[in-house]
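Whatever order the structure lists ligands and atoms in, that order sets their numbers, starting from 1.
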Amino acid sequence: MKEQLAKIRSEALAAFEGAKTSAELDALRIQYLGKKGELTAVLKQMGKLSAEERPAMGQLANEVRSALEAALEETGKKMEEIALQERLKAETIDVTIPGAVQKIGHKHPMYIALDEIKDIFIGMGFTVLDGPEVELAALNFDRLNAEEGHPSRDWSDTFYFDEDSRVMLRSQTSPMQVRAMDSMELPIRIIAPGRVYRKDEVDATHSPMFHQVEGMVIDKGITMSDLKGTLNTVIEKLYGEGTVTRFRPHHFPFTEPSCEMDIQCHKCGGKGCPTCKGEGWIEVLGAGMIHPNVLRMAGIDPDVYSGWAFGMGLERMAMGRFKIADLRLIFENDVRFLEQF
Ligand code: DAH
């Protein structure tokens, strides 16, 4: 019996040691200490022992039981501790791992240029107007002295909404001159940026939709030198001091005299390159002294008041401002391009 007890003790302790889970440990507890367990089976044989043998054997059996119970408890505690450590390890949050980066957009380069242009004009006392892209042909053409039969009114040049060619997508921001004259008190100093539409094929310098900034001043004693002085100031503020401009005579129905303004090419500095098509100059706007007919149609006396107006291509201004070589880059919205600004 002594040997049996010793065997149970050593086997059980080894088994407890080898247990990997608390379920395994529980099964071992039942195997050795349960009602039908091995130790119990040995104890049941105590009755067969003589009265002298019994106390010593009883004591030994109790020692074995206590030893097994103590070992069970210790192993159980160790297991719990390990399980806890593992759970803590699995649940830890590493606060040093960088978070997922949120991509935040930013202003389109053309609108950066527009904001700069607006700021410059506002600083000179101009008001910024907004107007409709769906416009009356009467304002886009007739009131601007572009009579029926003017080539720009052709169906192949203009997007009309009706057979009678009365409503259209504005082909220029110039109707904003008329809207300003009709709604504002004199003197007037306005700019009016916005989209315009023409039936043009897309290429490096053309798009069926593009942006213009219209500008207009009407007051007493306004001359062409005011126009040149204002535009040169704006261009130098936008592109930097010493930027070279040139004014060429041109024709627009709503100005007399009319001109176009060019800026020396930002890419080649005037030598001639693909960006300026070998010219050395880039045309950025049309301008002129408001035609007396246009003033008269708005009820303004051309003998008392005079004014100038211009319409600049915003894409071209932005291209010059940020040294962009191809107009299409402005519209394609390729983030690899846009991210640079
Ligand atoms: N509207 C003209 C165009 O789209 C540009 C222009 C020329 C605007 C002369 C003006 C101006 O205000 O005075 O080509």
K.L.:
Could you list the atoms of ligand 1 found under 4.0 angstrom from a heavy atom of Gln177?
P.N.:
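Selected atoms, number and element: 10 (C), 12 (O).
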K.L.:
Can you confirm whether the side chains of Glu38 and Gln31 place a donor and an acceptor under 3.5 Å from each other?
P.N.:
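Yes, side-chain donor-acceptor contact under 3.5 Å.
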K.L.:
Taking 4.0 Å as the limit for heavy-atom contacts, which would you say applies to Arg198 with ligand 1: side chain only, backbone only, both, or neither?
P.N.:
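Answer for Arg198: side chain.
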K.L.:
Which of the atoms of ligand 1 are close to Gly288, meaning less than 4.0 Å from one of its heavy atoms?
P.N.:
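So the answer, numbered in order with elements, is 13 (O).
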K.L.:
Atoms of ligand 1 less than 4.0 Å from Phe252 heavy atoms?
P.N.:
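Atoms satisfying the 4.0 Å criterion: 7 (C), 9 (C), 14 (O).
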K.L.:
Hey, are Arg248 and Asp262 close enough for a salt bridge, meaning a charged N less than 4.0 Å from a carboxylate O?
P.N.:
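Judged by the 4.0 Å cut-off on N to carboxylate O distance, Arg248 and Asp262 do form a salt bridge.
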K.L.:
Taking non-hydrogen atoms only, is Gln212 closer than 4.0 angstrom to ligand 1 via side chain, backbone, both or neither?
P.N.:
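Side chain only; the backbone of Gln212 stays clear of ligand 1.
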K.L.:
Would you mind checking which non-hydrogen protein atom is closest to atom 11 (C) of ligand 1, with the distance to 0.1 Å?
P.N.:
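For atom 11 (C) of ligand 1, the nearest protein heavy atom comes out as Phe254 CE1, 3.4 Å.
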K.L.:
Do Glu201 and His206 meet the criterion of a side-chain donor-acceptor pair at a distance under 3.5 Å?
P.N.:
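There is no such pair (donor and acceptor under 3.5 Å, judged by atom type) between the side chains of Glu201 and His206.
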K.L.:
Does this structure show an ion pair linking Glu69 with Arg65, if we count only N-O contacts that are shorter than 4.0 Å?
P.N.:
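Counted as a salt bridge, because a side-chain N and a carboxylate O are separated by less than 4.0 Å.
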K.L.:
Indicate yes or no: does Glu11 engage Lys7 in a salt bridge with an N to O separation below 4.0 Å.
P.N.:
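Here Glu11 pairs with Lys7 in a salt bridge, since their nearest N and O are under 4.0 Å apart.
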K.L.:
I want to know if ligand 1 touches Ser171 in the polar sense, i.e. an N/O pair below 3.5 angstrom.
P.N.:
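In this structure, Ser171 places no N or O atom under 3.5 Å from an N or O of ligand 1.
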K.L.:
In the protein, which heavy atom is nearest to atom 12 (O) of ligand 1, and how far is it?
P.N.:
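Here the closest protein heavy atom is Glu214 OE2, 2.6 Å.
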K.L.:
For ligand 1, which atoms, with element, lie under 4.0 Å from some heavy atom of Ser174?
P.N.:
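Checking each atom against Ser174, I get 1 (N), 8 (C).
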K.L.:
Looking just at side-chain N and O atoms, do Asn140 and Ser171 make a donor-acceptor pair shorter than 3.5 Å?
P.N.:
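Present: a donor and an acceptor within the cut-off.
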K.L.:
Output a table of donor-acceptor pairs, distance under 3.5 Å, between side-chain atoms of residues 281-295 and any protein atom two or more places apart or on a different chain; print 'none' if there are none.
P.N.:
{"unit_1": "His291", "atom_1": "ND1", "unit_2": "Asn293", "atom_2": "N", "d": "3.0"}
{"unit_1": "Asn293", "atom_1": "OD1", "unit_2": "Arg296", "atom_2": "NH1", "d": "3.1"}
{"unit_1": "Asn293", "atom_1": "ND2", "unit_2": "Asn145", "atom_2": "OD1", "d": "3.3"}

K.L.:
Under 3.5 Å between any N/O of Ala309 and any N/O of ligand 1: does that happen in this structure?
P.N.:
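Checking ligand 1 against Ala309, an N or O pair does fall under 3.5 Å apart.
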K.L.:
Show the atoms of ligand 1 that are less than 4.0 angstrom away from any heavy atom in Thr255.
P.N.:
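Those of ligand 1 that fall under 4.0 Å from Thr255 are 13 (O).
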K.L.:
Is a side-chain donor-acceptor pair under 3.5 Å present for Ser174 with Glu214?
P.N.:
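Yes, Ser174 and Glu214 have a side-chain donor paired with an acceptor closer than 3.5 Å.
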K.L.:
Tell me which protein heavy atom sits closest to atom 8 (C) of ligand 1, plus the residue, atom name and distance to 0.1 Å.
P.N.:
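The answer is Gly311 N, 3.2 Å.
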K.L.:
Can an N or O of Phe310 be found at a distance shorter than 3.5 Å from an N or O of ligand 1?
P.N.:
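The answer is yes, given that Phe310 and ligand 1 share an N or O pair closer than 3.5 Å.
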K.L.:
Can you pull out the closest protein heavy atom to atom 1 (N) of ligand 1? Residue, atom name and distance to 0.1 Å, please.
P.N.:
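Looking only at protein heavy atoms, the one closest to atom 1 (N) of ligand 1 is Gln172 OE1, 2.7 Å.
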K.L.:
Taking the six-membered ring for Trp, are Phe121 and Phe310 closer than 6.0 Å centroid to centroid?
P.N.:
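Ring centroids of Phe121 and Phe310 are less than 6.0 Å from each other.
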K.L.:
Would Lys237 and Asp119 pass as an ion pair if we require N to O under 4.0 Å?
P.N.:
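No salt bridge links Lys237 with Asp119.
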K.L.:
At the 4.0 Å heavy-atom cut-off, does Trp308 count as touching ligand 1?
P.N.:
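Heavy atoms of Trp308 never come under 4.0 Å of ligand 1.
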